Amino acid sequence: MVAAAFAAHPATAAAAALQRHSVRPGQQFCPPIGTATPRQRRLPATMLSVTNAVASRSPVSVRAAPRELNFPILVNSLTGKMGKAVAEAAVSAGLQLVPVSFSAIEVPDGKLNICDRDIHIHDPSESERILGSLVKDYPDMIVVDYTVPDAVNANAELYCKLGLPFVMGTTGGDRQLLNKTVQDANVYAVISPQMGKQVVAFLAAMEIMAEKFPGAFAGYKLEVMESHQATKLDVSGTAKAVISCFNKLGVPFDLNEVNLVRDPEEQVAIVGVPEEHLSGHAFHNYHLTSPDETVSFEFQHNVCGRSIYAEGTVDAVLFLHKKIQDGANKKLYDMIDVLREGNMR
């Protein structure tokens with residue numbers, strides 16, 4: 001959900017604060033004294049909701065790609081839930097899934113079955129040798145990376161060394177170095193910390209506001225809460241991008257101040273995450289309060305499941321393939337470029 005709430009009176013602001021119950025790192029989730037335990041909030045059916053409109057659909061169902069776009073993609077890594085979701089979306093879209101992936105996680109018989117296809121899983125130490133061989137067999141191959149933050153830069157360097165176009169969906173790593181690596185190698189790539197198209201549109205709107213109205217929220221106080229599955233330990237790339245926009249709008253805020261909610265019990269009881277999506281969700285809340293606490297703004301986007309990211313990733317792959325076929329001079333893109341193209345399914 002993307003929403004903005006306005007409070008023009010101290011009493012209204014106070015009521016909103018009671019509902020919000022911001023939680024800071026290391027702080028216990030506790031309702032204020034004299035108030036009832038907060039109940040799980042439900043989104044009105046009439047509100048714009050990424051969760052309801054797109055993200056909760058499972059399995060992924062997308063239209064088949066035109067015949068001329070049935071090119072090969074390699075998903076690295078398929079042992080992760082995000083990689084698997086992308087592979088399933090790619091197959092549903094009619095793309096050719098290269099039967100190879102890499103992971104340090106051992107799997108039975110060294111292979112996984114994805115959409116009735118056996119995918120051979122190799123240790124990352126073999127990636128350069130195997131990818132070098134695959135380039136000959138799949139000259140039009142595009143790599144999709146959903147690995148781990150610590151591997152982002154090394155993987156990008158390898159793809160660039162081999163001249164492999166790629167879509168980097170993994171967050172983390174040194175992003176400036178990542179962009180420089182791609183630019184220096186002159187390799188086609190889509191790099192984005194957020195692959196959900198609707199969330200990217202929200203980010204684009206935030207960036208436009210920050211550019212057109214710098215300092216518009218000077219003096220305001222910002223509170224940020226984000227809830228993700230327990231396995232995600234770092235601040236999300238999306239939150240970093242939104243916070244950067246608020247900084248430009250005149251709001252001082254450090255990433256260390258983000259309330260990272262990772263405890264499942266707290267996610268259900270306080271944040272309102274459905275239990276069936278504890279293993280895959282992204283709930284973000286950005287709350288702004290004026291210096292005199294008479295005005296407040298709230299921006300929120302809640303995503304359940306991974307289909308929104310998988311579908312967006314496939315769109316990025318299709319976009320990149322077209323740019324390669326057209327011989328585009330520009331080589332490095334992000335998801336806003338994909339949105340601007342207007343050819344999403």
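Given the structure is predicted, the values throughout are model-derived calculations rather than measurements. Heavy atoms only: backbone and side chains are in, while hydrogens, waters and symmetry mates are out.
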Is there a chain of hydrophobic side chains (I, L, V, M, F, W, Y, each step under 4.5 Å between heavy atoms) that links [X] to [Y]?
X      : Y      : value
Leu332 : Phe319 : no
Val75  : Val135 : no
Phe202 : Leu249 : yes
Ile121 : Ile114 : yes
Val251 : Val242 : yes

Determine whether [X] and [Y] make a side-chain contact, defined as any pair of heavy atoms from C-beta on separated by less than 4.5 Å.
X      : Y      : answer
Arg175 : Ile191 : yes
Leu255 : Ile243 : yes
Cys160 : Val182 : yes
Val338 : Tyr333 : no
Tyr220 : Pro291 : yes
Val190 : Asp334 : no
Phe166 : Met141 : no
Asp145 : Val167 : no

Could you tell me which non-hydrogen atom of [X] sits nearest to which non-hydrogen atom of [Y], and how far apart they are?
X      : Y      : answer
Ser290 : Thr294 : OG-N, 3.1 Å
Ile142 : Ile324 : CD1-CD1, 4.3 Å
Gly327 : Tyr188 : C-OH, 3.4 Å
Thr79  : Ser103 : OG1-OG, 2.7 Å
Ala241 : Leu203 : CB-CD2, 4.1 Å
Ser127 : Leu158 : OG-CD2, 3.4 Å

For a quick check under 3.5 Å, do [X] and [Y] share a side-chain donor-acceptor pair by atom type?
X      : Y      : answer
Ser236 : Thr238 : no
Asn153 : Asp174 : no
His281 : Ser227 : yes

Has [X] got a side-chain atom pairing as donor or acceptor with [Y]'s backbone, closer than 3.5 angstrom?
X      : Y      : result
Ser296 : Leu288 : no
Asp254 : Glu257 : no
Asp263 : Glu266 : yes
Gln267 : Val261 : yes
Gln194 : Gly196 : yes

In Å and rounded to the nearest 0.5 Å, what is the [atom1] to [atom2] distance from [X] to [Y]?
X      : Y      : atom1 : atom2 : result
Met168 : Thr181 : CE    : OG1   : 9.5 Å
Met82  : Met195 : CE    : CE    : 9.0 Å
Glu88  : Leu97  : CD    : CG    : 10.0 Å
Tyr146 : Ser101 : OH    : OG    : 13.5 Å
Tyr309 : Lys197 : OH    : NZ    : 13.5 Å
Glu311 : Arg306 : CD    : CZ    : 14.5 Å

[X] bridged to [Y] by N-O distance under 4.0 Å:
X      : Y      : result
Glu207 : Lys248 : no
Asp337 : Lys323 : no
Arg262 : Glu226 : yes

### Message
Once you measure the plane-to-plane angle for Phe297 and Phe217, does it fall in the parallel (<30°), tilted (30-60°) or perpendicular (>60°) bin?
### Response
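Aromatic pair Phe297/Phe217 classed perpendicular.
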### Task
Describe, in one word, how the ring planes of His228 and His284 are oriented to each other, choosing from parallel (under 30°), tilted (30 to 60°) and perpendicular (over 60°).
perpendicular
### Task
Apply side-chain contact (heavy atoms from CB on, under 4.5 Å) to Leu164 and Leu131, showing your working.
CA-CA 9 Å; Leu164 283 169; Leu131 283 175; 4.2 Å; yes
### Task
Could you please spell out the steps behind the side-chain contact (heavy atoms from CB on, under 4.5 Å) verdict for Leu278 and Val268?
CA-CA 8 Å; Leu278 286 174; Val268 172; 3.8 Å; yes
### Task
Begin with the C-alpha distance, continue with both residues' side-chain angles, and end with the deciding distance and a verdict on salt bridge (Lys or Arg N to Asp or Glu O under 4.0 Å) for Glu293 and Lys221.
CA-CA 9 Å; Glu293 299 186 348; Lys221 176 185 176 182; over 6 Å; no
### Task
List the steps and the verdict of side-chain contact (heavy atoms from CB on, under 4.5 Å) for Val100 and Ile119.
CA-CA 5 Å; Val100 172; Ile119 311 296; 5.5 Å; no
### Query
Should the heavy atoms of other residues, nucleotides or ligands under 6.0 Å from NZ of Lys330 be counted, would the total exceed 12?
yes
### Query
Checking side-chain contact (heavy atoms from CB on, under 4.5 Å) for the pair Gln325/Lys322: CA distance, chi angles, key distance, verdict?
CA-CA 5 Å; Gln325 296 301 306; Lys322 184 176 185 299; 5.7 Å; no
